S.K.: 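Provided herewith is a single structure, encoded as structure tokens, for subsequent inquiry.
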Amino acid sequence: MGPAAEAAQFGQVVDVILGIVVGLLAVAVVIALIGVTNTLSLSVIERTREPATLRAIGLSKEQLRGMLAGEGVLIAGVGATLGIVLGLIFGWAGAATALSLMGDVRYAVAWTDVGAVVAIALVAGLLASVLPVRAAARTSPVAALGVE
């Protein structure tokens with residue numbers, strides 16, 4: 001078995017592992033989408049008076065939607081940033097530990113993939129805010145202010 005065949009075999013193994021990781025990432029995005037939706041829904045339920053007060057003093061439904069959508073994007077953005085930073089650190093440390101016997105391990109990051117992950121996370125945060133925003137915008141300010 002020559003070096004080219006060995007490199008092709010290692011390439012196949014890496015491609016399979018990468019496919020599994022991408023699949024796990026897709027599942028993580030779905031779970032994060034549910035988590036952000038849950039967080040925003042609880043936020044809307046627990047803070048019923050805040051949007052009602054803002055609406056009573058002149059905030060429009062569109063502005064309320066924008067505020068809550070921004071909150072969803074912020075939650076998703078912070079989560080994505082923290083996950084990427086920790087993933088890069090622990091991924092490099094794990095690769096350096098596991099592969100250091102085979103030679104030097106170079107630190108290489110596919111920044112386009114990282115950018116795609118951030119974009120997907122931000123869009124997921126925006127999508128996750130749709131249902132809580134609709135519930136908050138539908139509630140009348142007078143009824144929400146009367147909630148104990």
Side-chain angles (χ1 to χ4, degrees), residues 7-100 102 104-148:
Q9 186 178 11
F10 282 134
Q12 271 185 325
V13 170
V14 169
D15 288 343
V16 168
I17 292 172
L18 186 61
I20 292 169
V21 169
V22 168
L24 289 173
L25 180 64
V27 171
V29 167
V30 170
I31 292 170
L33 183 68
I34 293 168
V36 171
T37 303
N38 185 30
T39 301
L40 287 174
S41 294
L42 288 174
S43 173
V44 166
I45 290 169
E46 290 174 355
R47 300 182 309 178
T48 328
R49 288 183 154 189
E50 179 186 327
T53 304
L54 292 171
R55 292 273 319 278
I57 61 172
L59 189 73
S60 69
K61 284 185 178 183
E62 289 76 28
Q63 290 171 327
L64 178 65
R65 286 186 181 113
M67 183 180 76
L68 292 174
E71 189 175 336
V73 169
L74 183 65
I75 290 170
V78 168
T81 302
L82 186 62
I84 287 169
V85 168
L86 291 176
L88 289 174
I89 292 169
F90 287 122
W92 174 78
T97 302
L99 302 174
S100 63
M102 302 173 101
D104 289 336
V105 177
R106 290 182 295 136
Y107 190 73
V109 178
W111 292 109
T112 55
D113 293 345
V114 171
V117 168
V118 170
I120 289 169
L122 294 178
V123 169
L126 187 62
L127 290 175
S129 69
V130 169
L131 293 176
V133 164
R134 287 179 58 193
R138 239 186 284 154
T139 306
S140 110
V142 174
L145 284 172
V147 172
E148 276 295 315

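Worth saying up front: this structure is predicted, and the values here are computed from it rather than measured.
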S.K.: Considering residues, nucleotides and ligands other than Tyr107, do more than 12 of their heavy atoms fall under 6.0 Å from its OH?
M.R.: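 Counting neighbours around OH of Tyr107, more than 12 heavy atoms of other residues, nucleotides or ligands fall under 6.0 Å, so yes.
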S.K.: For the backbone of Leu126 and the side chain of Ser129, can you confirm whether one donor and one acceptor N or O come within less than 3.5 Å of each other?
M.R.: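 Yes, Ser129 side chain to Leu126 backbone: donor-acceptor pair under 3.5 Å.
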S.K.: Of the non-hydrogen atoms in Leu33 and Ala124, which two are nearest, and what is the gap between them?
M.R.: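 That would be CD1-O, 2.9 Å.
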S.K.: Quickly, which of Thr39, Leu40, Val133 forms a side-chain contact (heavy atoms from CB on, under 4.5 Å) with Glu71? Name it, please.
M.R.: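 In the set Thr39, Leu40, Val133, the residue that makes a side-chain contact (heavy atoms from CB on, under 4.5 Å) with Glu71 is Leu40.
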S.K.: Counting only heavy atoms not in Asp15, do more than 12 sit closer than 6.0 Å to its CG atom?
M.R.: yes
S.K.: What distance do Asp113 atom CG and Ile120 atom CD1 have between them, rounded to the nearest 0.5 Å?
M.R.: 9.5 Å
S.K.: Given side chains that start at C-beta, do those of Arg65 and Arg134 come closer than 4.5 Å, heavy atoms only?
M.R.: no
S.K.: How long is the gap from CD1 on Ile34 to CG on Asn38, to the nearest 0.5 Å?
M.R.: 9.5 Å
S.K.: Taking all atoms of both residues into account, what is the closest heavy-atom pair of Ala76 and Gly125, and its distance?
M.R.: CB-CA, 3.7 Å
S.K.: Are the side chain of Thr97 and the backbone N or O of Ala93 linked by a donor-acceptor pair below 3.5 Å?
M.R.: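 Present.
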S.K.: What's the separation between atom CG in Leu25 and atom CG in Leu18, rounded to the nearest 0.5 Å?
M.R.: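 Rounded to the nearest 0.5 Å, the CG-CG separation comes to 10.0 Å.
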S.K.: Rounded to the nearest 0.5 Å, what's the gap from CG on Leu24 to CD1 on Ile31? Could you check?
M.R.: 9.5 Å
